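Keep in mind it's a predicted model, so treat the numbers as computed, not measured.
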Amino acid sequence: MVDHSAEPWYSTAAYLYVLHLDGLALAWEYLRRHPDYRLDWLRHHRRSQAAQQAAHRWGLRLLEDPALDARDAHPAWLPGHAAVVQLYPDADPPLDAAMFAFWLIPGHKQLLHDGKGLALIARSPGHCLRFALAPGLEDGMAVAYAHRGEAAAPTRGHALQAALAAAKPRPTPTALLELHTLQALDATLAGASLREVAEGLFGVDAAADWYSDGGLRSKVRRLVRRGDELMRGGYRRLAQLPPLEKGRFDDDAKRP
């Protein structure tokens, strides 16, 4: 039997960062594994007009390097995700208005221009806060915020504190499912069999009683199928994007 222990997909520890990713970051993890997306990156990322057209088909404003995982990538998704808090200068602030204090935002902060405007991402263990910054907003200004589909309102109690309170401090069973799904997807993309996937995810001992109708085999098969579906368009649900339109690109995305 071939020893796969040195394969990049074999070590579950390499996927632990997945436990703390939000929906947009998970969407990127599935999209960057799509063979056609990787081909678009190689063909078009240096050609501005072609790159923009290709990016829009995938739900992005700009193509992002698929070699970068969600810890280092900055995919510029098309707008619409409710997780992104929009920050505006408050033109008529109340006496107790919160101030935009960039350096007091918790976590590792990243500022980037996504092709449309300035975005801020703040990451800390178990948390990922995303903001769209309006033109003219400066450090120390009174700030108003809005979520997608809601009107902007002056802050009473800091929007960052509200976002942190809503974040989950520890991994959930759903997060563990995403970890196993991505690991299984990488294994199958590398050519591993279902049994080899089982050994990598759950250990050699767990796969010792492998047989055709076993529960472990069914579980691994579901993980592999789920990963393929998320990679080939299902990631758009995680990013709260509309499904692919019917047509040639849709056929390409479903190609095995």
Side-chain angles (χ1 to χ4, degrees), residues 4-39 41 58-60 64-73 75 77 81 83 123 125-128 130 167-207 210 212-241 243-244 250 252-256:
H4 289 278
S5 59
E7 297 278 356
W9 60 265
Y10 197 85
S11 173
T12 300
Y15 293 83
L16 291 178
Y17 73 94
V18 173
L19 295 174
H20 302 295
L21 299 183
D22 63 1
L24 285 171
L26 284 169
W28 168 246
E29 288 290 343
Y30 289 108
L31 171 59
R32 75 185 186 92
R33 288 164 164 81
H34 197 302
D36 289 348
Y37 177 81
R38 301 176 78 89
L39 188 59
W41 166 259
W58 295 105
L60 299 172
E64 178 62 289
D65 186 351
L68 301 176
D69 66 39
R71 294 169 292 184
D72 298 315
W77 296 99
H81 201 285
R123 289 189 174 96
H127 308 295
C128 182
R130 300 175 184 272
K168 295 179 174 60
R170 64 181 59 186
T172 64
T174 300
L176 188 60
L177 172 64
E178 301 297 352
L179 182 154
H180 284 153
T181 301
L182 283 166
Q183 189 178 3
L185 176 59
D186 283 346
T188 53
L189 289 173
S193 68
L194 288 178
R195 179 165 184 169
E196 290 165 345
V197 175
E199 291 177 354
L201 270 66
F202 304 109
V204 175
D205 291 342
W210 188 263
S212 59
D213 295 325
L216 182 60
R217 182 162 186 160
S218 297
K219 182 176 183 178
V220 171
R221 188 184 294 112
R222 288 194 299 271
L223 287 171
V224 169
R225 183 168 57 247
R226 182 175 186 270
D228 188 72
E229 290 172 351
L230 283 164
M231 180 183 70
R232 298 184 184 279
Y235 74 89
R236 299 178 72 93
R237 295 192 301 274
L238 295 171
Q240 296 182 2
L241 294 166
L244 288 169
D250 185 52
D252 291 344
K254 292 181 179 179
R255 196 170 60 235

*Tell me, please, which residues at least two apart from Arg38 pass side chain to side chain donor-acceptor pair (under 3.5 Å).*
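So Arg38 forms no side chain to side chain donor-acceptor pair (under 3.5 Å) with any residue.
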*asked:* So, using side chain to side chain donor-acceptor pair (under 3.5 Å) as the criterion, who are the partners of Thr12 when residues are at least two apart?
replied: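 Per chain and number, Thr12 pairs via side chain to side chain donor-acceptor pair (under 3.5 Å) with Gln183.
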*Of all pairs that satisfy ring-ring contact (aromatic ring centres under 6.0 Å, His included), the ones with a partner from residues 179-207, not counting sequence neighbours*: His180-Phe202
May I ask you to test the [X]-[Y] pair for a side-chain heavy-atom distance under 4.5 Å?
{"X": "Leu216", "Y": "Val220", "result": "yes"}
{"X": "Leu230", "Y": "Arg237", "result": "yes"}
{"X": "Glu199", "Y": "Tyr10", "result": "yes"}
{"X": "Arg236", "Y": "Leu31", "result": "no"}

*Quick one: do the Tyr37 and Glu64 side chains pair a donor with an acceptor below 3.5 Å?*
no
*Flag for Glu29-Tyr17: side-chain donor and acceptor within less than 3.5 Å*: yes
Measuring from atom [atom1] of [X] to atom [atom2] of [Y], what distance do you get when rounded to the nearest 0.5 angstrom?
{"X": "Thr181", "Y": "Asp186", "atom1": "OG1", "atom2": "CG", "value": "11.0 Å"}
{"X": "Asp36", "Y": "Met231", "atom1": "CG", "atom2": "CE", "value": "8.5 Å"}
{"X": "Leu179", "Y": "Leu223", "atom1": "CG", "atom2": "CG", "value": "10.5 Å"}
{"X": "Tyr15", "Y": "Leu21", "atom1": "OH", "atom2": "CG", "value": "13.0 Å"}

*Charged N to carboxylate O under 4.0 angstrom, Glu178 versus Arg226?*
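So Glu178 pairs with Arg226 through a salt bridge.
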*Between Trp77 and Tyr235, how do the two ring planes meet: parallel, tilted or perpendicular, split at 30° and 60°?*
tilted
*Would you name the heavy atoms of Leu182 and Tyr30 that are closest together and state the gap between them?*
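Looking at all heavy atoms of both residues, the shortest contact is CD2-CE2, 3.5 Å.
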_Using every non-hydrogen atom in the two residues, find where Ala184 and Val224 come nearest and quote the distance to one decimal._
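The pair with the smallest heavy-atom distance is CB-CG2, 4.2 Å.
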*Indicate yes or no for a side-chain donor-acceptor contact from Arg217 to the backbone of Leu194 under 3.5 Å, with no hydrogens or angles considered.*
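Not at all, since once roles are kept as given, no pair shorter than 3.5 Å links the two residues.
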*asked:* Test side chain to side chain contact (heavy atoms under 4.5 Å, CB included) on Trp9 and Leu189; report intermediate values, then the result.
replied: CA-CA 10 Å; Trp9 60 265; Leu189 289 173; over 6 Å; no
